[in-house]
Structure formats: structure tokens, C-alpha cells
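We name chains A, B, ... by the order of the sequence lines, and we start the count at 1 in each one. Side chains included, hydrogens not; waters and symmetry mates left out as well; all remaining heavy atoms used.
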There are 2 protein chains.
Amino acid sequence: MATPQQPAGDEGRSVTRKIRLSREIVLEAALKLVDEEGLEALTMRRLGQALHRDPMGLYRYAANRAALLDGVTELVLNELAIFADDPDWQGQLRRIAHDLRLLALRHPNVVPLLVTRPLSTPLGLRPLGTLRPLEQILGLLIDAGFTASDALHVYRAYYGFLYGHILNELQEFIVDPDENEALLRLGLHRLPPKEFPRLRALAPALADYDGAAELDEGLTILLSGLAAHLSAPPVKKG
Amino acid sequence: MATPQQPAGDEGRSVTRKIRLSREIVLEAALKLVDEEGLEALTMRRLGQALHRDPMGLYRYAANRAALLDGVTELVLNELAIFADDPDWQGQLRRIAHDLRLLALRHPNVVPLLVTRPLSTPLGLRPLGTLRPLEQILGLLIDAGFTASDALHVYRAYYGFLYGHILNELQEFIVDPDENEALLRLGLHRLPPKEFPRLRALAPALADYDGAAELDEGLTILLSGLAAHLSAPPVKKG
DNA sequence: CCGGGGAAGTCTACATCGTAGATATTAGGC
DNA sequence: GCCTAATATCTACGATGTAGACTTCCCCGG
């Protein structure tokens with residue numbers, strides 16, 4: 001018989017033989033769990049159950065729950081491709097921004113991690129995968145002609161704006177897609193009209209938010225402004 | 001004897017008579033706990049202990065822990081003053097930005113809440129205190145001559161940038177203030193030099209981050225860009 | 001072929017958490 | 001003074017992260 005022993009130990013523990021785990025398999029299962037059921041569903045026991053393993057065994061692949069969370073953020077950020085040798089730095093930053101935006105929309109439950117984990121880990125102790133974008137963007141900017149310290153300024157303004165936009169866009173989510181009145185779609189009817197007249201009046205505008213366009217406009221302003229304020233070439237040769 | 005009965009029930013429970021609690025007192029104690037010991041220290045039992053009350057009694061003032069967290073963010077945001085009738089909208093937005101930045105620096109442990117709670121609560125269900133800045137800034141912009149929908153665009157770009165900046169600044173924190181070599185102050189010596197040459201080289205620039213200046217430069221670019229792209233008066237009459 | 005040793009896996013147990021529900025205590029109206 | 005309703009307290013339950021002991025497996029030198 002194929003798929004040999006598996007004596008109905010269904011709870012994750014007391015199962016005899018399985019394929020070998022690896023850090024990546026564990027992290028991918030963790031990401032899946034977060035995507036499907038939210039951050040708070042990612043517990044050691046639930047993850048063990050999803051992998052048909054004893055929860056304690058997971059500590060081989062992540063020292064503790066915090067490390068597991070770090071691993072998930074790293075896994076997600078690894079999906080972000082950066083071409084540091086692109087001579088068109090503005091175009092490249094634009095593309096990265098849209099990629100990261102889509103990544104965030106694909107994994108909305110991970111965004112709190114992306115934003116929150118770095119607040120409790122000093123730069124030097126972060127998972128390397130989360131620092132690589134920083135290093136590569138610095139390279140991109142320096143190669144494009146920026147001073148090292150100007151590159152850092154540009155990076156800060158750019159990444160700050162990008163994360164801010166993503167947070168903004170994700171928090172304006174629709175509460176009731178079946179409803180067709182804008183006020184109700186956003187749940188705004190609960191706000192006292194005297195105190196929130198403009199917010200309520202803006203319901204239609206809020207309800208059709210074109211995130212990509214809004215991001216792009218902001219980037220245009222920011223990037224051209226940065227290029228002007230600092231000493232940078234507009235677009236280099238091909 | 002003053003301070004009458006208090007028969008050494010030190011654990012927070014079994015204490016006889018105290019001044020009456022109120023939502024504000026509870027929230028202020030919660031904020032204190034978060035400021036002093038971090039978010040994870042804010043548990044019902046610890047808070048009850050801090051107030052010398054039975055933990056269960058707190059459910060009179062917050063329906064559950066999530067509501068307590070919402071209350072804390074509301075309390076912090078209430079410290080932010082907005083003068084919606086200022087005709088100099090750019091100046092006002094600048095001031096608000098710096099105020100919020102300082103507020104975040106004063107309560108760094110609350111920032112994850114500021115940024116994270118709205119992701120799990122639709123607009124209409126948020127604590128009113130967290131929506132008031134939005135309403136007021138919309139008012140400021142509309143009074144300054146912006147279309148309602150342009151005002152929303154400006155608000156989004158502005159607030160996104162602002163939150164992004166705050167996140168950025170807070171995550172570049174110093175790990176070892178006693179050390180005087182920049183690399184070590186930030187813990188960057190652990191990074192593999194081959195893979196992170198520019199990041200390591202930028203250690204000195206990273207170590208002296210002038211957050212206020214950086215925020216201000218970004219705002220200058222963003223606000224003037226927004227004023228130009230949309231149809232807005234540069235600065236209105238006094 | 002054996003058997004010993006280290007790694008991988010399992011299990012039990014503990015402190016802590018949020019909170020439902022029962023119980024005790026208080027305060028105010030008649 | 002007593003009944004009632006609000007308020008306060010207690011107990012208990014099902015989770016959680018993770019330390020530490022125990023068991024099982026695999027491989028490698030003899």
C-alpha cells in the first residue's frame with residue numbers, strides 16, 4: 001500500500017511518518033494561515049495542526065513566536081523584486097511602489113507585521129530579507145547620481161510615503177459590499193451628522209478609491225520634488 | 001484617620017472602598033501602563049492591579065480588550081489640537097504634523113495601535129475621537145478653497161506621508177546609546193559587509209537623524225506639489 | 001551485525017491570558 | 001427597615017507560549 005502508516009492521529013501529534021519539514025515549508029504554512037484566518041490564528045498549536053506535526057517541533061524552525069512572525073514578514077518581502085541597476089531610478093521606484101502595494105493587497109493581514117515588527121527590532125537585528133530592499137534602493141539611488149546621504153533622504157521620504165499610502169488604502173475598506181448606497185457601504189450612517197458633515201458628504205468619493213492612481217500621483221509629486229531639491233539627474237541615459 | 005479603610009488587600013481585589021472609577025481614569029491608567037511597560041503589559045489583570053480594582057470591574061468601562069485599545073488610541077489622538085479655521089492651510093498642516101510627530105515620540109508604544117487598529121475597524125465604527133482629525137482637516141482644506149474631493153486627495157497624501165514618516169523615524173532607533181561608534185550604536189556590525197555595503201557605510205548618517213527637519217522637507221515638497229497639481233490658492237488672506 | 005550516541009520528535013506541565021457566569025455586596029426608594 | 005437593582009467580586013474554562021523531561025529514530029564506527 002502506498003502512503004504507508006498514518007494511524008488516524010488526527011490532532012497533529014502522534015503521527016508516525018511525514019516528509020521532512022523545512023523552514024520554508026513552515027513559514028509558507030504560517031503565511032497561509034495568516035492570509036486565510038488572520039494574524040491571531042497563527043498560534044503554535046494551530047500551525048502544528050496545519051502541518052500535522054507536534055507544535056513543539058516547530059521550535060526547530062523558529063526560536064519563538066516572534067521569530068515566526070519575523071519569518072513571515074521576510075517571506076512576504078522576498079516576493080518584492082528590485083532591479084538596482086535600472087538607470088531610470090524614478091521609473092524603478094514607481095514600479096517597486098506598485099509592486100509593494102499589490103503585495104500588500106494580496107496579504108492584507110501581514111501588513112500590520114510589516115509595519116509593526118521593525119518598531120521592536122533595531123536595524124542590525126532585523127531579518128536580512130527585510131533589509132535587502134533598503135540596501136538595493138540605496139544602490140539604485142547612488143548609482144543614479146545621488147550622494148549617499150541624499151540617497152538616504154530620498155529613500156526615507158519615498159518609503160515613508162509608500163507605507164503611509166498602503167496603510168491609508170487598506171483602512172478605507174468596504175464594510176458591506178452588497179449595499180449600494182455609499183453611506184451604508186462604509187458604515188458612515190452611524191456618524192452623528194452635526195459633527196461629521198463633510199465626512200458623510202464625502203461618502204461617494206470615499207467609496208470609489210482608486211488606490212493605484214492616488215499612489216501614482218503622490219509619487220509624481222514626491223519624486224520630482226525630491227529630484228529638484230537635491231542635486232539629481234532627471235533621467236539618466238539608457 | 002484620613003484615607004480610611006484599606007485592609008491590605010494588595011492584589012487589586014478584596015479592597016473595600018475607593019474613589020469611583022470613570023472611563024477616563026481607566027483609559028489614563030491604561031495609557032500609563034502602555035507608556036511605561038509596553039503594549040503587551042496592558043492586560044486586564046495588570047490594569048486592575050494598577051487601579052486596585054478587580055479586573056472584571058473594568059468591563060464596565062470597556063466592553064473587551066479591543067475596546068480598551070481603541071480607547072487608548074482615542075485618548076492619545078485627543079491630545080492633538082486642530083484649528084480648522086486657520087486660513088493658512090499649509091501652515092496649519094505643518095503644525096499638526098509636527099504635533100503628531102511629537103505626540104508619537106512621547107507615546108511610542110501607542111504608535112502600533114494608531115496604525116493598526118483602523119485596519120480592523122471600518123470607518124463608520126471607529127471611535128469618534130479618531131475620526132475628528134479627519135473631519136477637521138477636511139474642513140480646513142475645503143474652507144481654504146479646495147473642492148471636497150480634492151480635499152480628500154490632499155488629506156490622503158498628507159496623512160499617509162505623515163504616518164509613514166513617523167513609522168520611519170521610530171524604527172531607526174538607537175540600540176546602544178553608550179557606544180560612540182555609529183556602526184555599533186545601530187547594531188549594524190552584525191550585517192554581512194559583502195551584502196550590505198551601503199547600509200553599513202551610511203551608519204553615521206543613520207545615527208544622526210533629524211526627524212523634524214526631514215519631516216518638514218518632505219512636507220514642503222508634498223504640500224507645494226499638491227497645491228500646484230490641484231487648483232488651490234497658495235496662501236489665503238489673514 | 002551490533003550498539004551507542006546525537007538529533008528529532010513527543011508529551012506533560014505551568015504561568016498567563018480574556019472573559020462568561022455565578023455570587024456577594026452595596027445603595028436607594030418605599 | 002426591607003426589597004430591588006446596580007455594582008463589585010470570585011470562580012472557572014478554554015486558550016496561549018514555551019520550559020523541560022522523555023521517547024523514538026537514524027546513522028556510523030566497530
Side-chain angles (χ1 to χ4, degrees), chain A residues 4-27 29-30 33-34 37-72 109 112-113 116-117 120-121, chain B residues 4-27 29-30 33-34 37-72 112-113 116-117 120:
Chain A
Q5 315 93 312
Q6 190 151 337
D10 50 354
E11 269 304 332
R13 37 181 62 192
S14 75
V15 174
T16 43
R17 216 59 325 251
K18 292 292 172 80
I19 41 162
R20 210 154 142 73
L21 246 42
S22 73
R23 178 149 215 267
E24 252 136 46
I25 295 180
V26 171
L27 292 182
L33 207 50
V34 172
E37 310 192 38
L39 260 186
E40 67 288 353
L42 177 51
T43 71
M44 292 309 207
R45 292 181 230 249
R46 297 268 287 104
L47 184 55
Q49 190 171 324
L51 289 166
H52 305 110
R53 282 305 198 307
D54 186 283
M56 283 292 112
L58 302 176
Y59 285 94
R60 295 239 160 262
Y61 307 99
N64 49 40
R65 194 176 117 96
L68 192 62
L69 296 177
D70 277 337
V72 171
N109 296 335
L113 291 184
T116 268
R117 298 289 316 154
S120 43
T121 324
Chain B
Q5 316 91 312
Q6 190 151 333
D10 51 352
E11 268 305 329
R13 35 182 60 192
S14 77
V15 175
T16 45
R17 215 62 321 255
K18 292 292 172 79
I19 42 163
R20 208 155 147 70
L21 245 40
S22 74
R23 179 150 214 269
E24 251 137 46
I25 295 180
V26 170
L27 292 182
L33 207 49
V34 171
E37 310 192 39
L39 260 187
E40 67 289 352
L42 178 51
T43 72
M44 292 309 208
R45 293 181 228 249
R46 298 269 284 104
L47 183 56
Q49 189 172 325
L51 290 164
H52 305 110
R53 281 306 198 308
D54 186 284
M56 284 291 111
L58 302 176
Y59 286 94
R60 294 237 157 268
Y61 306 100
N64 49 39
R65 194 177 116 96
L68 192 63
L69 296 178
D70 276 337
V72 171
L113 292 183
T116 267
R117 297 291 315 152
S120 42

In Å, rounded to the nearest 0.5 Å, how long is the span from CG of B/Leu69 to OG1 of B/Thr116? 10.5 Å
Any chance you could measure B/Arg45, atom CZ, to B/Met56, atom CE, to the nearest 0.5 Å? 7.0 Å
N or O in side chain of B/Arg60 less than 4.0 angstrom from C/dT19 OP1/OP2: no
Heavy-atom count around A/Glu24 CD within 6.0 Å, excluding the residue itself: above 12? no
Can you tell me how far [atom2] of [N] sits from [atom1] of [X], to the nearest Å?
X       : N      : atom1 : atom2 : result
B/Leu47 : C/dT19 : CG    : C1'   : 15 Å
B/Leu58 : C/dT19 : CG    : P     : 11 Å
B/Tyr61 : C/dG18 : OH    : C1'   : 19 Å
B/Asp54 : D/dA6  : CG    : C1'   : 16 Å
B/Glu40 : D/dT16 : CD    : C1'   : 15 Å
B/Leu21 : D/dT7  : CG    : P     : 12 Å
A/His52 : C/dT10 : NE2   : P     : 13 Å

Any A/Asn109 side-chain heavy atom under 4.5 Å of A/Glu37 side chain: no
Pairwise N/O distances under 3.5 Å, protein to nucleotides 18-24 of chain D:
residue, atom, partner, partner atom, Å
D/dT18, OP2, A/Tyr59, OH, 3.1
D/dT18, OP2, A/Arg65, N, 2.8

Keeping the roles fixed (side chain from B/Ser120, backbone from B/Arg117), state whether a donor-acceptor pair exists under 3.5 Å. yes
Here the pair of heavy atoms bringing A/Ile25 nearest to A/Arg20 is CD1-O, 3.9 Å
